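Only a predicted model underlies this, so the values are computations on that prediction, with no experimental measurement involved. Chain A is the first sequence line, chain B the second, and so forth, proteins listed ahead of strands; every chain is numbered from 1.
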2 protein chains.
Amino acid sequence: MAYRKTERVEARLADNRQRILAAARELVSEGGWGEAQVSHVASAAGVATGSVYRYFPSKADLFVEVLSVVSQREVDVLEAIADNGDSPHQNLHVAISTFVARAMRNRRLAYALIAEPCEKEIDEARLVYRHAISKQIMRIVKEGQERGEFRADLDPSIAATIIVGGFMESLIGPLSPLNADFDASGPQGPEAVHALAGQIAEVCCAAVAR
Amino acid sequence: MAYRKTERVEARLADNRQRILAAARELVSEGGWGEAQVSHVASAAGVATGSVYRYFPSKADLFVEVLSVVSQREVDVLEAIADNGDSPHQNLHVAISTFVARAMRNRRLAYALIAEPCEKEIDEARLVYRHAISKQIMRIVKEGQERGEFRADLDPSIAATIIVGGFMESLIGPLSPLNADFDASGPQGPEAVHALAGQIAEVCCAAVAR
DNA sequence: TGATGAAGTGAATTTTGATTCATTAAGTGA
DNA sequence: TCACTTAATGAATCAAAATTCACTTCATCA
């Protein structure tokens, strides 16, 4: 009587969900939020529009999950850096330049997730991850202050917020699709990206260094 | 034959335009972009919905003008500070803390203009003014480098961008209507605002100081 | 004052996608 | 296989505002 899903079905459902998520992410990577329409996602994932709603309660929920998955990975990367036991000054530099370099690897996606105008609910989810990022930066700053590498007279929370705002803002220009050189094949070449990341990290480090 | 507007009419038209603009601004000040609907603006200005379109080609044009007027004033204030002949270090501090303090005077409006999710066209206009602000900050940074007050090894354009992103980001929390203490009557008291502005300016100055 | 050009009006239309839901297909257990 | 449950479909519906426009009112000028 009681209906039990078989493994096989369970797996197919999970796969459908993943495909929808992947299609959504892919569309944002290609065309930003403008492409992020439920009907587009559905056809990219090879399902009907209505089916998307069997897996996600709303468009916003779907895209918030896309953003969460991508953002959480970045938070994890920063956390690992903050934890690695090296000197705080070095860690702050590495954290920032790594974040910048990683963002530059998929510029269109990073632009959408960081800066592109989007609906309120997605925008609110952004804040959550900015906080999470800021928290990791703050940990590094605090440790630096304790170890005497950084100025002790600054509020670490404010400093971290400013640093995060600073490197995010400095990314907007380079990430922007409006940018002339947006689709140069070697997106400015790895060495240019490296140089940019270094510059940005340098300025941010200076804000707290002794 | 040819119809010539009299002074009287010209004045009334100009006045209508101003009233619409003022009403639009007022609505954003009160309820952010959520309240910024053409029909609301019209009734607040005491005209019919359709009349708004006699004065502005579209909603976006109307609100871009609102944003421009307010933002340009801020740019002018910064420009005056950059030009005042005092030491660059002092000027940078004054520029940032003044910006923060002024934003805190009308938090809801500042939040809408700086951070609140809004339509693409308005968001694009924001960028223009961020650039303009960044330019003034860059002038101060450059002069500081020339005078030897600031580190000469940083790219002034990147440094300015980071500084602007930094203090803008650090404003978002304090400005946000989501904030618990948003409508405390004395919005945290002038001395708290002053302290915050000072802290933010301090960190930003540190980013470029020698 | 009458003829004509502008301005003002606001209900109706348009637009843009998200969301629903009646229907069909597929899976389950006896 | 049958009776029943869940999944999938996609055209139709809905929603929320911006925008239009046929009509009314006001201004100008001979």
Task: Protein-nucleotide distance (B:L13, atom CG; C:dG5, atom P), rounded to Å - done: 18 Å
Open item on the list: Measuring only between side-chain heavy atoms, which start at C-beta, is B:I158 closer than 4.5 Å to A:L196?
Closed with: yes
TODO: Sugar-phosphate atoms are those with a prime plus P, OP1 and OP2; base atoms are the rest. Using that split, label each nucleotide of nucleotides 11-27 of chain D B, S or - for protein heavy atoms under 4.0 Å, 5' to 3'.
DONE: ------SSBB------S
TODO: Would you confirm whether A:E119, through its side chain, and A:W33, through its main-chain N or O, come within 3.5 Å as a donor-acceptor pair?
DONE: no
- [ ] Go through the structure and list residues passing side chain to side chain contact (heavy atoms under 4.5 Å, CB included) with B:H40, not counting sequence neighbours.
- [x] B:L27, B:E35, B:Q37
Task: Residues from residues 19-32 of chain A lying under 4.0 Å of DNA chain D - heavy atoms - done: none
Open item on the list: Keeping B:S134 on the side-chain end and B:H131 on the backbone end, is there a donor-acceptor pair under 3.5 Å?
Closed with: no
Open item on the list: Once you apply a heavy-atom cut-off of 4.0 Å, does A:Y55 come out as touching a base, just sugar-phosphate, or nothing?
Closed with: sugar-phosphate
- [ ] Could you check whether the rings of B:H89 and B:F150 sit parallel, tilted or perpendicular, using 30° and 60° as the cut-offs?
- [x] tilted
- [ ] To the nearest 0.5 angstrom, please state how far the CD atom of A:E116 sits from the CG atom of A:L109.
- [x] 10.5 Å
- [ ] Look up atom CZ in A:R25 and atom OG in A:S29, then write down how far apart they are to the nearest 0.5 Å.
- [x] 5.5 Å
Open item on the list: For a 4.5 angstrom cut-off between non-hydrogen side-chain atoms, does B:I163 reach B:L92?
Closed with: yes
- [ ] Rounded to the nearest angstrom, tell me the gap between atom CG in A:N16 and atom P in C:dA26.
- [x] 14 Å
Task: Gap between atoms NE2 and C1', on A:H40 and C:dT16 respectively (whole Å) - done: 11 Å
Task: Nearest-Å distance for atom pair CZ/P, residues B:R17 and C:dA7 - done: 14 Å
TODO: In whole angstrom, give the distance that lies between atom CD of A:E10 and atom C1' of C:dT28.
DONE: 14 Å
